[in-house]
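Each remark here refers to the structure printed beneath this line.
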Amino acid sequence: METIIVSACLLGCACRYDGRGNYHEGIAQLRTKYNVVIVCPEVDGGLSIPRIANEIVGDRVINKIGEDKTENFAKGAQIALAQAQKHGAKIAILKAKSPSCGSGKIYDGTFSGTLIDGDGYTTRLLKKHGIKVYNETNFQELL
Ligand code: SF4
């Protein structure tokens, strides 16, 4: 069975910044077809649940009270990449819009709910290493 990487919150883990999850039935069903390896880069990187919301500003990640959390995001991204490489995963399904997991669109760093083109910190690293990243809006071709 092929191995894929999946965001923990999409499988119901209450690990979002606000202590909630994002359970997605369709993604959960992929477990019948794929070996699923779960990651949560923000928690893996040492951030707490709940935590202050973060957004990407250029190459840095800054939380809502102005603290630089880039090191945590970098560590979490490296752990996700290491998991992918360890299991030979070439595909990841990561939560849309997250500063870690987002793909295609992320918030603009002003905490105003404004989306801009871009990828989250972990998504950038996985893509750089040839891993195709989907989110909950476009994973259907994997079914
Ligand atoms: Fe979900 Fe990724 Fe945020 Fe963890 S870091 S809660 S897996 S979107």
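Bear in mind the structure is a predicted one, so any value in this text is a computation, not a measurement. Every number for a ligand or one of its atoms is a count from 1 in the order of the listing. Quick note: residue numbers are just sequence positions, from 1.
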Handout entry: Contact with ligand 1 for Val43, non-hydrogen, under 4.0 angstrom
Key = no

Problem - Any N, O or S atom of Cys9 closer than 2.8 Å to atom 1 (Fe) of ligand 1 - result: yes

Problem - Among Cys15, Cys13, Ser48, Ser100, side-chain contact (heavy atoms from CB on, under 4.5 Å) partner for Val43 - result: Cys15

Problem - Polar side chain donor-acceptor pair, Tyr134 to Glu141, under 3.5 angstrom - result: yes

Problem - Contacting atoms of ligand 1, where contact means under 4.0 angstrom from a heavy atom of Val39 - result: 7 (S)

Exercise for the section: From the options Thr123, Asn135, Asn138, select the one residue that forms a side chain to side chain donor-acceptor pair (under 3.5 Å) with Ser103. Expected result: Asn135

Practice task
Check ligand 1 against Ala8 and write out every atom of the ligand that is under 4.0 Å from a heavy-atom position of the residue.
Solution key: 7 (S)

Handout entry: Of Arg124, Lys105, Lys97, Lys127, the residue whose pairing with Asp119 passes salt bridge (charged side-chain N to carboxylate O under 4.0 Å, His left out)
Key = Lys127

Handout entry: Protein contact of atom 3 (Fe) of ligand 1 - nearest heavy atom, named by residue and atom, plus distance
Key = Glu42 OE2, 3.8 Å

Exercise for the section: Sort out for me which residue in Lys75, Arg51, Lys69 forms a side-chain contact (heavy atoms from CB on, under 4.5 Å) with Glu42. Expected result: Arg51

Practice task
Report the member of Lys95, Arg51, Arg20 with the shortest heavy-atom distance to atom 8 (S) of ligand 1.
Solution key: Lys95

Problem - Which residue and heavy atom of the protein sit nearest atom 2 (Fe) of ligand 1, plus the separation - result: Cys101 SG, 2.3 Å

Handout entry: Shortest protein heavy-atom distance from atom 6 (S) of ligand 1, along with the residue and atom involved
Key = Cys15 O, 3.4 Å

Handout entry: Nearest heavy-atom neighbours spanning Thr114 and Ser112
Key = OG1-OG, 2.8 Å

Exercise for the section: May I ask you to identify, for Asn22, whether its side chain, its backbone, both or neither come under 4.0 Å of ligand 1 on a heavy-atom basis? Expected result: neither

Practice task
Using the rule that two of Ile, Leu, Val, Met, Phe, Trp, Tyr join whenever any of their side-chain heavy atoms come within less than 4.5 Å, decide whether Ile62 and Tyr121 are in one cluster.
Solution key: no

Practice task
Look at Cys40 and state whether any of its N, O or S atoms is less than 2.8 Å from atom 2 (Fe) of ligand 1.
Solution key: no

